[in-house]
**Student:** 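Please read through the structure below; I'll follow up with questions.
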Number of protein chains: 2
Amino acid sequence: MTNNTTRQDFERSFCPVACALDNLGDKWTLLIIRDLLLGKKRYQEFLASPERIATNILADRLKKLESTGFVRQQIYQQKPVRYQYILTQKGKDLRPVLQALVTWGKTYYPGSRVLDAVE
Amino acid sequence: MTNNTTRQDFERSFCPVACALDNLGDKWTLLIIRDLLLGKKRYQEFLASPERIATNILADRLKKLESTGFVRQQIYQQKPVRYQYILTQKGKDLRPVLQALVTWGKTYYPGSRVLDAVE
DNA sequence: ATATTAACTTGCATTATACAAGCCAATTTT
DNA sequence: AAAATTGGCTTGTATAATGCAAGTTAATAT
């Protein structure tokens, strides 16, 4: 790894699982990552997901995901300036985590289905 | 799957990721699963982990993990009755999720290390 | 008799999440 | 030209989750 990623301090411990969960361990963050991996980019697209995230939570998570380098903002129009969100490599590298969750979820929640392909 | 697992209703959506996170989406649950996968079984062992979970949170999570079928209690001594916690197949099947988190964590938190082998 | 251990529970403060409403600039509709 | 809509949020407030310290209970060890 050519260290261009911001190396954060260990919050709770030096365990890689704990470090990951310091960023991802809540009800919503990984669902936004799922949406991004599925190709969603805009605020309204995230809001349209079936889990119905609240607007303040979504804004907060996008801000955190940006400040922690999972995502970057990209202007897609001037007048008015509007941003879309793109996964960085750090974010894209979560795909195996999401894939493992999909596999587990489909096993223990038969009938569950991913909208598109994360799998 | 010989349906001996309790099929819960979809809480937030029929997405397997959302279903998984309904159970696992917080700061602590997956760390307890990590400990269980590493062979820890008892209350004091979980408390001894470097992340320093609070006792009320640990008790709450163990209760939830049991009621949702990730774990079962096993008496390891009478007088006084003491329980230890064992992963069910549903819990053991989270190993690939943890492995993926370890891989990601070791990449983006260089210097992080799992205590023993989840990896 | 006193202290220690294991597995919790309880009380209270702080932080996170949920829900509804409001804001602002620009575009679209009437 | 005025009114409504769209996109991306922010604000206020209620409820729920988390954190921290202390207490409980039954049994064993000193």
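Naming convention: chains lettered A, B, ... in sequence-line order (proteins, then strands); numbering from 1 in each chain.
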**Student:** May I ask you to say whether B:Lys27 pairs ionically with A:Glu11, meaning some side-chain N is under 4.0 Å from a carboxylate O?
**Tutor:** no

**Student:** Looking at CG of B:Leu24 and CG of B:Leu30, how far apart are the two atoms once the value is rounded to the nearest 0.5 Å?
**Tutor:** 5.0 Å

**Student:** Would you call A:Arg61 and A:Asp26 a salt bridge, using N to O less than 4.0 angstrom?
**Tutor:** yes

**Student:** For the side chain of A:Tyr43, counting heavy atoms from C-beta on, which of C:dC8, C:dT17, D:dG8 is nearest?
**Tutor:** D:dG8

**Student:** Heavy atoms from C-beta onward define the side chain here; which of C:dA7, C:dT17, C:dT9 lies closest to that of B:Tyr76?
**Tutor:** C:dA7

**Student:** Would you say the side-chain atoms of B:Tyr108 and A:Asp93 include a donor-acceptor pair closer than 3.5 Å?
**Tutor:** yes

**Student:** Please report the C-alpha distance between B:Thr68 and B:Lys90 in whole Å, then the side-chain angles of each, then the deciding distance to 0.1 Å, and finally whether the side chain to side chain donor-acceptor pair (under 3.5 Å) criterion is met.
**Tutor:** CA-CA 9 Å; B:Thr68 50; B:Lys90 183 177 178 179; 5.5 Å; no

**Student:** Checking contacts here: which listed nucleotide (D:dC9, D:dG8, D:dT18) is nearest the side-chain heavy atoms of A:Ala59?
**Tutor:** D:dC9

**Student:** May I have the distance from A:Lys63 (atom NZ) to D:dT11 (atom C1'), rounded to whole angstrom?
**Tutor:** 12 Å

**Student:** May I ask you to decide if the ring planes of A:Phe70 and B:Trp104 are parallel, tilted or perpendicular, using 30° and 60° as cut-offs?
**Tutor:** parallel

**Student:** Please report the end-to-end axis angle for the helix from C:dA1-D:dT30 to C:dT30-D:dA1, five pairs per end, rounded to 10 degrees.
**Tutor:** 10°

**Student:** Base contacts versus sugar-phosphate-only contacts with protein, heavy atoms under 4.0 Å: please encode nucleotides 22-30 of chain D as B, S and - from 5' to 3'.
**Tutor:** B---BSS--

